[in-house]
Amino acid sequence: MALSEFDLIRRYFSDLTPLRDDVALGIGDDCALLDVPEGMELAVSIDTLVAGVHFLADVEPETLGHKALAVNLSDLAAMGAEPAWVTLALALPEVNEVWLEAFSCGFAALASRAGVSLVGGDTTRGPLTLTLQVHGFVPRGSALRRDGAQPGDRICVSGRLGDAALGLRLLQGEANLSEPERSQLIDRLQRPQPRLALGQALRGLASAAIDISDGLLADLGHILQASGVGARLQLARLPLSDAVRRTADWGLPLAGGDDYELCFTLPPAELSRLWPLSEQLGLAISEIGEITAAPGLVCEQADATIWRPSAKGYDHFASHE
């Protein structure tokens, strides 16, 4: 007998994640009842992932469960917030219990590591679509924002850039690499790691921050616009894997998207605090440029020539010829 909507919720989602002490009432009523700790602000973000747009339709469901939550947690990381709760609205073309079991396992594993409780949501029939809303806490007045960058601030990024974009090319048959590089790059695309610990450590240190989802140029551009400044990037300083470096294609790390690393700015006097933090977290952090008073984003190559991008990053509503 086919599962009803409420059977589906009870079987796969009601007890999927541990119940936090700040959840007075979770799944099973018209609303969740949640407590925000005193002295904290609530950070909230929502994202929708659509099959064929944000992920390939044949992606493994366990992997999709991880990524759906990870990309939302990355927004909390960019604000320096501690994750708390998540809601999930899931549209399915049909009820496939094997798919649901694997998806929920991938989702639950990351939720457990991040300390997140699933507190509500919805299920419906339709093209495969996932909408998640995440909620996190940040001490009042200490959230990382996009509008604080100042001329002279240094621009830094975590991890490596361009791996996910090259991983997508591999899946689409537009590139060819041997193992283990192929597996590593595809894993970077399908299983991003939200930089939550880094985001929280940057509170009181970074002047501005954002997560890199649509490509470095596009996302750094949001900081520049919000702060009313410009930037000069040193392309030779970009942290690249050997595989991305061999392509000699700056479009991968600058406009490829799906990196889910953090890009942040900070005064030069604070740079020395980054390297112990990098070692403590086991996460590479690279200084890649400087904020300027003059508007615009300049990309300077090692020979001092200027590289001019043909695209700045992913845009859902731009023309894709």
**Request:** Apply side chain to side chain contact (heavy atoms under 4.5 Å, CB included) to Gln150 and Val229, showing your working.
**Result:** CA-CA 7 Å; Gln150 298 292 322; Val229 293; 5.9 Å; no

Taking the side chain as everything from C-beta on, heavy atoms only, tell me whether [X] gets closer than 4.5 Å to [Y].
X      : Y      : answer
Phe264 : Leu274 : yes
Phe55  : Leu64  : yes
Val119 : Thr87  : yes
His222 : Asp147 : no
Thr247 : Leu252 : yes
Pro127 : Val50  : no
Leu189 : Tyr260 : no
Leu170 : Leu185 : yes

Can you measure from [atom1] ([X]) to [atom2] ([Y]) and round to the nearest 0.5 angstrom?
X      : Y      : atom1 : atom2 : answer
His66  : Leu73  : NE2   : CG    : 9.0 Å
Leu233 : Cys299 : CG    : SG    : 5.0 Å
Leu262 : Met79  : CG    : CE    : 12.0 Å
Gln200 : Leu281 : CD    : CG    : 10.0 Å
Leu49  : Leu132 : CG    : CG    : 7.5 Å
Leu88  : Asn72  : CG    : CG    : 9.5 Å

Between [Y] and [X], does any NZ, NE, NH1 or NH2 come within less than 4.0 Å of an OD or OE carboxylate oxygen?
X      : Y      : answer
Glu290 : Arg232 : no
Arg195 : Asp259 : no
Arg140 : Glu38  : no
Glu181 : Arg246 : yes
Glu261 : Arg188 : yes
Arg125 : Glu94  : no
Asp187 : Arg182 : no

**Item:** Residues Ile291, Leu224; criterion side chain to side chain contact (heavy atoms under 4.5 Å, CB included); working and verdict
**Value:** CA-CA 8 Å; Ile291 296 296; Leu224 304 185; 3.7 Å; yes

Has [X] got more than 12 heavy atoms of other residues, nucleotides or ligands less than 6.0 Å from its [atom1]?
X      : atom1 : value
Asp30  : CG    : no
Arg145 : CZ    : no
Glu279 : CD    : no

Have [X] and [Y] got a donor and an acceptor in their side chains that come within less than 3.5 Å?
X      : Y      : value
Ser117 : Thr17  : no
Asp211 : Ser213 : no
Glu300 : Trp307 : no
Ser207 : Asp153 : yes

Short question: side chain of [X], backbone of [Y] - any donor-acceptor pair under 3.5 Å?
X      : Y      : answer
Ser227 : Ile223 : yes
Ser104 : Leu100 : yes
Lys67  : Glu62  : no
Arg154 : Gly152 : yes
Arg20  : Gly115 : yes
Ser183 : Pro180 : no
Arg203 : Gly80  : yes
Ser272 : Glu270 : no

To check you understand the geometry: which heavy-atom pair defines the closest contact between [X] and [Y], and what is its length?
X      : Y      : result
Val71  : Ala68  : CG2-O, 3.6 Å
Ala43  : Ala81  : CB-CB, 4.0 Å
Ser241 : Asp163 : OG-OD1, 2.7 Å
Leu216 : Cys263 : CD1-SG, 4.0 Å
Asp75  : Ser45  : OD2-OG, 2.9 Å
Leu266 : Ala206 : CB-CA, 4.1 Å

**Asked** Which one of Leu238, Asp249, Leu161, Leu166 satisfies the side-chain contact (heavy atoms from CB on, under 4.5 Å) criterion with Val244?
**Response** Leu166

**Prompt:** How are the rings of Trp85 and Phe137 set relative to one another: parallel (under 30°), tilted (30 to 60°) or perpendicular (over 60°)?
**Reply:**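 The arrangement is perpendicular - the two ring planes meet at more than 60°.
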
Flag yes if [X] and [Y] sit in one hydrophobic cluster, no otherwise; membership is Ile, Leu, Val, Met, Phe, Trp, Tyr, and two members link when side-chain heavy atoms are under 4.5 Å apart.
X      : Y      : value
Val138 : Leu42  : no
Leu277 : Ile288 : no
Leu130 : Val44  : no
Leu76  : Leu144 : no
Val116 : Leu33  : no

**Request:** Please lay out, stage by stage, how Leu118 and Ile27 fare under the test side chain to side chain contact (heavy atoms under 4.5 Å, CB included).
**Result:** CA-CA 8 Å; Leu118 180 64; Ile27 294 173; 3.9 Å; yes

**Message:** What verdict does the side chain to side chain contact (heavy atoms under 4.5 Å, CB included) test give for Val86 and Gln133, after you've listed the backbone C-alpha separation in whole Å, the side-chain angles of each residue and the deciding distance to 0.1 Å?
**Reply:** CA-CA 6 Å; Val86 61; Gln133 186 173 59; over 6 Å; no

